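Report on the structure given below.
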Amino acid sequence: MSRKNLNIGLFGFGCVGLGLYEVLQKTPGLKATISNICVKDKEKKRAIGKENFTFDKNDILNDESINVVVELIDDADAAFEIVSAALKKGKAVVSANKKMIAQHFTELLELQKEYNVPLLYEAACCASMPIIRNLEEYYDNDLLESIEGIVNGSTNYILTKTFSENLSYDEALLQAQEKGFAESNPILDTGGFDAKYKLLILLAHSFGYVAKPKDIFNIGIDNIGELELKYAREKKLKIKLVAQAFKSETGNISAFVIPKFVTPDDRLYNVDDVFNGIITKTSFADTHFFVGRGAGSLPTASAVLSDISALSYDYRYEYKKIYREENVSLTNDAQLKVLLRHKKEDAHALKHYFDEVEESYNNHDSGYITGVISLKNLIAIHAGNTGDRSFILIDVEKEAAVEKAFALAE
Ligand SMILES: NC(=O)c1ccc[n+]([C@@H]2O[C@H](COP(=O)([O-])OP(=O)(O)OC[C@H]3O[C@@H](n4cnc5c(N)ncnc54)[C@H](OP(=O)(O)O)[C@@H]3O)[C@@H](O)[C@H]2O)c1
């Protein structure tokens, strides 16, 4: 199969844009040339000559010789304008912007269909790790039961530094920002929003379910306190920000992002620093484990490059699982075993939200409860959170029950 010549209009020349420029120089086999780069700040010093840049998006969008738009900017609203305009003009698009894709998933599906052009976004989920194309292509014939993983590099970096080097949260966040791992707006990472956007995209490609961001519950790492850290250290656990989606017995799907205690025998335990890891579980193949760099200039650029290369062979997502239109919906009925840290005086009232209380501990001003609670009740308690409550997942009860049943049968 012969490869198409690609003439690229690039939006953004920051951490990933510059990375893409560099990796393209080292990939001469790919017939892809960046012919124009659109950026925002007219005063900024650039690593390459200013004749390469424009500040007017129409210089790219109206250029008929450009057949691929690569969107690598840090503004989701402006990105949607650029991407939708490019698709309407029949240009193939590559994007790394999970927020923009998650917020406009349905519109982007429609645009791809109506204008018969591809939009690829492997770098938007777990940067260098090739998860979307695997979910899209490989798992179509298999019965996927669950997907669980660390999908945000900067929070994983922060948590790793907190546990291994005893850095404070602020010091670790600053390091992540200096290394180019963190989003320009850190709350996107630390609040679990970035992980939620990625989970939304993963849900579409794994279970064919298109959610809205507001439908997926997320808790980040910005509220993790000393009590939970001490609990983890004493029990030789780590805390990881874990996104997960799994099918319930009714066939509906639970999906959420919640920090989780992981044990040394969990494959996510050794996924440290800026690495991401995803475990998929299927009915017949048991589990698969993907791991790779989840942020950074060149690793992210390598996923963008892979999409550009795929376009040269006319690859596109077919969204088979979405168009199959199975009637699934999201449910908040999952039973979760969690640790809830709370103000001492709230202990009594909060226990009533639990279906089962395993342990309850109080010190002079705060305390924690461990036990089983429905996701619905957890969301209800979290809604009134003013920073004095923190939830760490211990396990998903359904999975624990299934595993116990397997163990008994063996
Ligand atoms: N960094 C990572 O490790 C990573 C990993 C996976 C995905 N991503 C995604 O990749 C995208 C880019 O991230 P980044 O880290 O490269 O961001 P960045 O370093 O902050 O760079 C952003 C770039 O976008 C340009 N820009 C902003 N608004 C623009 C507009 N309206 N028109 C044209 N250019 C505009 C900026 O222009 P100026 O140079 O003029 O300021 C800058 O060059 C984001 O969607 C991010 O979520 C990043």
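Order of appearance sets the numbers: ligands from 1, and atoms from 1 within every ligand. For clarity, every value in this text was computed on a predicted model and none was experimentally measured.
Using a non-hydrogen distance threshold of 4.0 Å, E71 does not register as a contact of ligand 1. Using a 4.0 angstrom heavy-atom cutoff, K98 counts as in contact with ligand 1.
Nearest protein heavy-atom neighbour of atom 6 (C) of ligand 1: T300 CG2, 3.4 Å. The nearest heavy-atom contact from the protein to atom 25 (C) of ligand 1 is G12 CA, 3.9 Å. Protein heavy atom in closest approach to atom 40 (O) of ligand 1: D41 N, 2.6 Å. Protein heavy atom nearest atom 3 (O) of ligand 1, with residue, atom name and distance: G296 N, 2.7 Å. The protein heavy atom nearest to atom 1 (N) of ligand 1 is G180 O, 3.3 Å. The protein heavy atom nearest to atom 38 (P) of ligand 1 is K44 NZ, 3.4 Å. Counting only heavy atoms of the protein, atom 47 (O) of ligand 1 lies nearest to E183 OE2, 2.9 Å. When hydrogens are left out, the protein atom nearest atom 10 (O) of ligand 1 is A96 CB, 3.6 Å; that is the closest non-hydrogen contact.
Between K230 and E234 a salt bridge is recorded (basic side-chain N to carboxylate O distance below 4.0 Å). D272 and K238 are joined by a salt bridge, as a carboxylate oxygen and a charged side-chain nitrogen come within less than 4.0 angstrom of each other. Using a cutoff of 4.0 Å between basic side-chain nitrogens and carboxylate oxygens, R324 and D140 are scored as salt-bridged. In summary, R133 and D307 engage in a salt bridge, as defined by a charged side-chain N under 4.0 Å from a carboxylate O. Between K99 and D194 there is no salt bridge, since none of the side-chain N atoms of the basic residue sits less than 4.0 Å from a carboxylate O of the acidic one.
Nearest to atom 43 (O) of ligand 1 by heavy-atom distance, out of Y121, F13, F53, is F13. Between the choices I37, N152, D74, the shortest heavy-atom distance to atom 27 (C) of ligand 1 belongs to D74.
The distance from ligand 1 to the heavy atoms of A295 drops below 4.0 Å at these ligand atoms: 3 (O). Residue A123 has at least one heavy-atom neighbour below 4.0 Å for each of these atoms of ligand 1: 6 (C), 7 (C). Atoms of ligand 1 found under 4.0 Å from any heavy atom of L72 (numbered from 1 in listed order, with element): 12 (C), 23 (C), 24 (O).
Looking at K40 next to ligand 1, an N or O pair under 3.5 Å apart turns up. At least one N or O atom of C15, backbone or side chain, sits closer than 3.5 Å to an N or O atom of ligand 1. Looking at I73 next to ligand 1, an N or O pair under 3.5 Å apart turns up. At under 3.5 Å, a nitrogen or oxygen of V16, whether backbone or side chain, sits near a nitrogen or oxygen of ligand 1. For ligand 1, the polar-atom distance check against G14 finds a nitrogen or oxygen pair separated by under 3.5 Å. Between S297 and ligand 1, no N or O atom pair is found at a separation short of 3.5 Å.
T370 pairs with exactly one of K337, E356, E359 by the side chain to side chain contact (heavy atoms under 4.5 Å, CB included) rule, that one being E359.
Contacts of K57 with ligand 1, taken as heavy-atom pairs under 4.0 Å, are absent altogether. Under 4.0 Å from ligand 1, the heavy atoms of R46 that appear belong solely to its side chain. Counting heavy atoms under 4.0 Å from ligand 1, residue A124 does not touch it at all. Contacts of A78 with ligand 1, taken as heavy-atom pairs under 4.0 Å, involve the side chain alone.
Under a 3.5 Å cut-off, the side chain of T282 and the backbone N or O of A285 do form a donor-acceptor pair. Side-chain N or O atoms of N156 include one that pairs as donor or acceptor with a backbone N or O of D273 at under 3.5 Å.
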Check against side-chain contact (heavy atoms from CB on, under 4.5 Å), L20 and I308: CA-CA 10 Å; L20 177 67; I308 294 172; 3.9 Å; yes
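Annotation: cation-pi pair K42/F55 present, NZ/CZ under 6.0 Å from the ring centroid and within 45° of its normal. Remark: R46 fails to qualify as a cation-pi partner of F13 under the 6.0 Å distance and 45° angle criteria applied to the six-membered ring. With Y231 as the aromatic partner, R341 does not meet the cation-pi criteria of under 6.0 angstrom to the ring centre and within 45 degrees of the ring axis.
Other residues, nucleotides and ligands place more than 12 heavy atoms under 6.0 Å from the CD atom of E51.
Taking the six-membered ring for Trp, H382 and Y353 have ring centres at least 6.0 Å apart.
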